[in-house]
Number of protein chains: 2
Amino acid sequence: MNVEKAWETLKEHSFKRTKNREAILEFLAERDGYTAAMDVGEFLKKDNPGVSFDTIYRNLATFAELDILEETELNGERQYRIHCDPGVHHHHFICTVCGKTKHIPSCPMDHIAVNLPGVEIQGHKFEVYGKCPQCK
Amino acid sequence: MNVEKAWETLKEHSFKRTKNREAILEFLAERDGYTAAMDVGEFLKKDNPGVSFDTIYRNLATFAELDILEETELNGERQYRIHCDPGVHHHHFICTVCGKTKHIPSCPMDHIAVNLPGVEIQGHKFEVYGKCPQCK
DNA sequence: GAGTGAATCGTAATCATTACTATTAATTAA
DNA sequence: TTAATTAATAGTAATGATTACGATTCACTC
């Protein structure tokens with residue numbers, strides 16, 4: 001998912017092109033891992049010191065709903081990254097030091113015979129944690 | 001893991017037998033799914049209205065460290081359950097309505113060729129979410 | 001360029017969790 | 001069995017991320 005594509009998606013859904021949204025996408029496009037919502041906010045403050053929590057959290061949630069960003073929760077913090085392969089279900093290795101991720105294309109739900117009679121499966125979470133080569 | 005076994009483990013590590021700890025174990029032994037820390041606290045208040053956050057969180061964390069309880073984080077809340085198969089690595093299906101769990105004995109790490117050269121794997125999380133037969 | 005609703009600001013509230021000190025209680029050993 | 005000692009707890013304040021909301025500003029349409 002590149003930034004151009006994201007703007008197309010936003011336009012399709014009648015979202016406006018604002019400085020804050022530009023800054024969020026610009027920032028996350030440069031990173032290749034998960035970033036906490038608060039850290040995104042810190043970046044926005046460089047250009048816009050008065051940016052409000054409302055703006056940060058609302059836009060990140062909007063982007064996640066539109067599948068522009070991927071979202072996860074780590075250590076009680078919400079984390080976001082640019083969708084690395086939109087539309088294709090996958091998982092991640094996540095570095096616990098720097099947040100960088102590695103794509104894991106396979107999904108445990110395909111490989112594991114999950115024997116759960118009578119239940120209605122709505123979703124799942126699979127993440128691998130550790131240290132990336134740079135942080136070891 | 002039954003309550004007797006838990007007390008043995010606690011004794012081995014020189015933890016004292018207190019009313020609060022008895023109540024926590026009694027409560028969680030009766031449940032067959034994850035329960036939020038705050039909900040455990042609510043139960044403690046029945047017998048001990050003045051119980052403090054410190055007591056609730058400290059004991060739950062202690063129990064998790066001793067492998068008496070299993071711990072997870074769901075919707076930004078810490079959740080605990082009696083360890084259903086201590087010492088044997090496994091995962092859970094978790095009902096998003098009532099919190100009840102079903103044991104998943106297999107682990108994706110055994111079945112998936114995770115190709116992550118150079119990384120140091122420290123852990124992983126695999127949970128399946130949905131509705132149990134009673135909550136459908 | 002004016003009108004309109006979306007987006008934002010500024011700030012307060014919420015909610016789970018953490019922190020800390022004084023007090024109480026469970027165990028140990030005399 | 002009691003006294004000593006040390007863990008455990010109560011009570012309460014602080015923290016930190018997130019949510020909420022009225023007032024204002026801004027992006028886009030006509």
Side-chain angles (χ1 to χ4, degrees), chain A residues 3 6-27 34-66 68-69 71-81 99, chain B residues 3 6-27 34-66 68-69 71-81 99:
Chain A
V3 177
W7 282 119
E8 280 174 35
T9 306
L10 286 164
K11 185 139 206 179
E12 273 169 31
H13 292 80
S14 309
F15 286 99
K16 296 177 179 170
R17 185 165 192 134
T18 68
K19 285 266 186 296
N20 286 319
R21 285 181 182 147
E22 276 176 355
I24 291 172
L25 290 177
E26 175 205 326
F27 179 57
Y34 278 104
T35 305
M38 296 296 266
D39 292 338
V40 176
E42 284 309 308
F43 177 80
L44 295 194
K45 281 183 190 162
K46 288 184 185 170
D47 270 1
N48 178 7
V51 65
S52 77
F53 295 129
D54 197 298
T55 301
I56 299 161
Y57 285 100
R58 183 173 26 74
N59 283 320
L60 289 171
T62 298
F63 291 171
E65 257 171 48
L66 295 175
I68 290 169
L69 299 182
E71 185 183 11
T72 192
E73 201 168 303
L74 222 49
N75 310 121
E77 276 184 320
R78 224 162 300 159
Q79 311 256 343
Y80 294 89
R81 57 159 297 147
Chain B
V3 176
W7 282 119
E8 279 173 35
T9 305
L10 286 165
K11 185 138 206 181
E12 273 168 32
H13 291 81
S14 309
F15 287 99
K16 296 176 178 170
R17 184 165 193 134
T18 67
K19 285 265 187 297
N20 286 319
R21 285 180 180 148
E22 277 176 354
I24 291 172
L25 290 176
E26 175 206 328
F27 179 58
Y34 278 104
T35 305
M38 296 296 266
D39 291 338
V40 176
E42 285 308 309
F43 176 80
L44 295 195
K45 281 183 191 161
K46 287 183 186 170
D47 270 1
N48 178 7
V51 66
S52 78
F53 294 128
D54 198 296
T55 301
I56 299 162
Y57 285 100
R58 182 173 26 74
N59 283 320
L60 288 171
T62 298
F63 291 172
E65 257 171 50
L66 295 175
I68 290 169
L69 299 181
E71 184 181 12
T72 193
E73 200 168 304
L74 221 50
N75 310 120
E77 277 184 318
R78 222 162 301 157
Q79 311 255 343
Y80 295 89
R81 59 157 296 146

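Letters go in sequence order (proteins before strands), and every chain restarts at 1.
Ion pairing between A:E42 and A:K45 holds under the 4.0 Å rule for side-chain N and carboxylate O.
Position along DNA chain C of the nearest nucleotide to A:G50 versus B:M38 favours A:G50 as the more 5'-ward residue. DNA chain D is contacted by both A:K19 and A:Y57; A:Y57 maps to the nucleotide lying nearer its 5′ end (nearest heavy atom per residue). Closest-nucleotide positions on DNA chain D for A:T18 and B:N59 were compared, and the one nearer the 5' end corresponds to B:N59. In terms of position along DNA chain C, the nucleotide closest to A:T55 lies nearer the 5' end than the nucleotide closest to the other residue of the pair A:T55 and B:G76.
As rounded to whole Å, 14 Å separates atom C1' of C:dT18 from atom CG of B:L60. Atom P of nucleotide C:dA26 and atom NZ of B:K11 are separated by 14 Å, given to the nearest angstrom. Rounded to whole Å, the distance from CD on B:E77 to P on D:dT18 is 14 Å. If you take NE2 of A:H13 and P of C:dA7, they are 13 Å apart, rounded to a whole angstrom. Atom CZ in B:F15 sits about 16 Å away from atom P in D:dT6, given to the nearest Å. When rounded to the nearest whole Å, the span between CG of A:L74 and P of D:dG16 equals 19 Å. Distance B:F63 CZ to D:dA8 C1': 12 Å, rounded to the nearest Å. In this structure, CG of A:N75 is placed 19 Å from P of C:dA16, rounded to the nearest angstrom.
Nucleic acid contact for B:A37: sugar-phosphate only, since backbone atoms but no base atoms lie under 4.0 Å from a heavy atom of the residue.
At C:dA25, none of the side-chain N or O atoms of B:R21 fall inside 4.0 Å of OP1 or OP2 (strictly under the cut-off). Distances shown here put a side-chain N or O of A:N48 below 4.0 Å from the OP1 or OP2 atom of C:dC9. The side chain of B:R78 contributes no N or O atom lying less than 4.0 Å from OP1 or OP2 of C:dC15. In this model, the phosphate group of C:dA7 is not approached by any side-chain N or O of A:R58 to a distance below 4.0 Å at OP1 or OP2. Side-chain nitrogen and oxygen atoms of A:N20 include none within less than 4.0 Å of the OP1 or OP2 phosphate oxygen of D:dC26.
Listed here is the closest heavy atom pair of A:E71 and A:A64: OE1-CB, 3.7 Å.
For the pair A:R21 (side chain) and A:K16 (backbone), a donor-acceptor distance under 3.5 Å is present.
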Verdict with reasoning, B:I24 to B:F63, per side-chain contact (heavy atoms from CB on, under 4.5 Å): CA-CA 10 Å; B:I24 291 172; B:F63 291 172; 3.8 Å; yes
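Across B:N59, B:N48, B:D47, a single residue satisfies side chain to side chain donor-acceptor pair (under 3.5 Å) together with B:N20, and that is B:N48.
With D:dA10, D:dC28, D:dA8 as the choices, the nucleotide that has an atom nearest any side-chain atom of A:R17 turns out to be D:dC28. Among the nucleotides D:dT18, C:dT17, D:dT6, the one closest to any side-chain atom of B:K16 is D:dT6. Checking D:dT9, C:dT8, D:dA13 against the side-chain heavy atoms of B:F53 singles out D:dA13 as nearest. Of the candidate nucleotides D:dA8, C:dC9, C:dA16, C:dC9 has the atom nearest to the side chain of A:S52.
In this structure, A:E22 places its CD atom where more than 12 heavy-atom neighbours from other residues, nucleotides or ligands lie under 6.0 Å away.
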